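Here is the structure we will look at, set down as structure tokens.
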Amino acid sequence: MSDTQPGNIENVLQEDRRFPPPAEFKPRVSFKTNAEYEAAWNRAKDDPAGFWGELAKENLEWFEPFTSVMSGDMPETKWFEGGKINASVQCLDRHLEKNANKAAIIWEGEPGDTRVLRYQDLHREVCKFANVLKRLGIETGDRVTIYMPMVPELVIAMLACARIGATHSIIFAGFSAEAVADRNNDAQAKLVITADAGWRRGKEVPLKAAVDESLEKSPSVEKVVVYQRTGADVTMVPDRDYWWHELMENESTDCEAVALDSEHPLFILYTSGSTGKPKGVLHTTAGYMLGTTMTTRWTFDLSDEDTYWCTADIGWITGHSYIVYGPLSNGATSVMYEGAPNWPDEGRFWELVEKYQVSIFYTAPTAIRAFMKWGDQWPGKADLSSLRLLGTVGEPINPEAWMWYHEVIGGERCPIVDTWWQTETGGIMLTPVPGVTETKPGSCTKPLPGVVPAIFDEQGNALEINQGGLLVMTQPWPHMLRTLYGDHDRFVETYFSKFEGIYFAGDGARTDEDGYYWILGRVDDVLNVSGHRLSTMEVESALVAHEAVAEAAVVGFPHDLKGEGICCFVTLKSGEPNAEMKKELTAHVRKQIGAIATPDQIRFAPALPKTRSGKIMRRLLRDIAAGRETAGDTTTLEDSNILAALRKNDDS
Ligand code: WT7
């Protein structure tokens, strides 16, 4: 198509494959039929207060009932006012009567050590640690930073904060001391909970040392609790630093959960904005708990019989919502793994699936592309027949990766839920309902009940099918962010100023003739080539569809004739990175998409620059493509050697 109306994004990716729900997949606790899903969706759209109010009564435990379901327009909508509630009660106490002996967390450390925490174990540890927090002077409303490896104590620390109404701010353990100091200061955290070190590919990551450095610049922090994980040498400052195990030794196991207002801040989670300092996304208690509880059930069909594994780190929203709050609120059994997927070898994940008989597996496209690159022999060594459902999140999944996931991991029998959401949305927004929604590789399909999206042009006009535009949400939902911590103006400006009273997600998307959503990537990842707006993701998908390509990232650069030229960074899985290959890939993209998308530069690299959460750092690639010095922060980069390699490779 050649619609060049401003605000529109060209849509050039053609994908005709369809996968009807596999007959052998029988939904256990999610919607059983498409009609059931549609009835719920329509009800939620027409009567959101009735819909969410009923669910909140049925699915959450209240100390005091709410008096109003929702009030106020976006962005100031408040949920379940008048109600008193506690998130740790949803996740723990309410399961003790029937499921005290059920495994809540099956944990495996990177070195191969294992632990199982039943619901009663987790409850006991959380109560004890909540008492520790109180003893250290932490009160309802205080902010607590958690900077820990993927150990059960991280979950215990979170839920202990929730139990007394302290707001947790988790910082991914791969971040630097600098990042910890910034976040401590922004949140004015009083306490930091950390570990001596964590394990990563057999090496120790010194966490306490980073905290020590951060505290030179974050004066609000009064005390530090240190969990001993690796036995690394650390410096303990008297009257400031305390060992977890010493504090817990004689602590009482009784700790009543505090009855908190529905809108009490449960946590802050920092996420990067396109400019400036990170944004402290704030989520509150009742709405977030309802959202994560219901979306876990609807999306993952997570039942009592399942063993569920979300491979995310709890330092990201995926781990908050779909390792901790959603699954535990549903009384589920989760696998939690501490380490890297390729340690001691590339088969580790698949061994774990077999060992624990995982039935639901949730990971990210970047991981799936790595698995593809490592080769089918690794999953081939394990028995993956326990799997019944697969999920993906974090970025658009290119159809080739979707097909590989479907065939090699899912044995063509598991539905794939491609879940679109954001730190800000708190929970899954667009996704297939497993066993019910027909899927198309690369599409996150349909909105869940309570989610009413639209595609707008720059002027706020709703676009027709197959017109790429801006993804917005026209109705509030209970688990949406409430503010950016300490900067309500930035919150309103970032999400609600483009279209008044409407949530602007910052992503481009289109719908197709079946009403399915196709995410085109962040709008700042959009190219304008000769007046045509192209999604970088579609060019990437075309490249990755070539048999020699493992991964690709596409960015624009200033171009005299076209406005923006197309620069492709490519890692190969086979073949030589030479001029011949460049020609071949250029021809391939032209053929797949058309002349408009002809790459101007192709640069080969052994790897792409990524953040520790696996997101490609396009800002850096844009600088390299334009031949500029890299400006700004590169502290979140996973491997800084990659930049030098990419710069050298400038012979195109
Ligand atoms: C951005 C949000 C939500 C947890 C992890 C990321 C992209 C996320 C998908 C998907 C296409 C996706 C979007 C979104 N994204 N899931 N299924 N298909 N794109 O959280 O760091 O807040 O990033 O990730 O661009 O806006 P986040």
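In this text the structure is predicted, and so the values were computed from the model without any measurement. For ligands, and for the atoms within them, numbers begin at 1 and follow the listed sequence. All heavy atoms count here, side chains included; hydrogens, waters and symmetry mates do not.
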I'd like to know if the side chain of Asp418 pairs up with that of Thr392 as donor and acceptor (distance under 3.5 Å, no hydrogens or angles considered). no
Per-atom contacts, ligand 1 versus Ile317 - under 4.0 Å to a heavy atom: 4 (C)
Under a plain distance cut-off of 3.5 Å, with no hydrogens placed, do Tyr485 and Arg143 share a side-chain donor-acceptor pair? yes
Just by modelled atom types, is the Met150 backbone N or O under 3.5 Å from a matching donor or acceptor in the Trp107 side chain? yes
Quick note on ligand 1: atoms under 4.0 Å from a heavy atom of Ile519 include exactly 11 (C), 19 (N)
Aromatic ring proximity Trp309/Phe349, centre distance under 6.0 Å: yes
Pair Thr295-Tyr322, side-chain donor/acceptor within less than 3.5 Å: yes
Report the residue from Glu395, Glu540, Glu400 that forms a salt bridge (charged side-chain N to carboxylate O under 4.0 Å, His left out) with Arg369. Glu395
Tell me the protein heavy atom at minimum distance from atom 21 (O) of ligand 1, and give that distance in Å. Lys615 CE, 3.7 Å
At less than 4.0 angstrom from any non-hydrogen atom of Thr419, what atoms of ligand 1 do you find? 9 (C), 10 (C), 16 (N), 17 (N)
So which bit of Pro396 gets within less than 4.0 Å of ligand 1, heavy atoms only: side chain, backbone, both or neither? both
Among all the protein's non-hydrogen atoms, which is closest to atom 16 (N) of ligand 1, and how far away is it? Gly394 N, 3.1 Å
Contact region, Glu395 to ligand 1, non-hydrogen atoms below 4.0 Å, reads backbone
Judged by modelled atom types alone, do Thr293 and Asn59 share a side-chain donor-acceptor pair under 3.5 Å? no
Between Phe499 and Phe456, is the gap from one ring center to the other below 6.0 Å? yes
Would you say Gly506 contacts ligand 1, with heavy atoms under 4.0 Å as the rule? no
Ligand 1 and Thr423, any nitrogen or oxygen pair closer than 3.5 angstrom? yes
Tell me which one of Thr318, Asp418, Asp507, Thr431 gets a heavy atom nearest to atom 17 (N) of ligand 1. Asp418
Who's the nearest protein heavy-atom neighbour of atom 2 (C) of ligand 1, and how far? Trp421 O, 3.7 Å
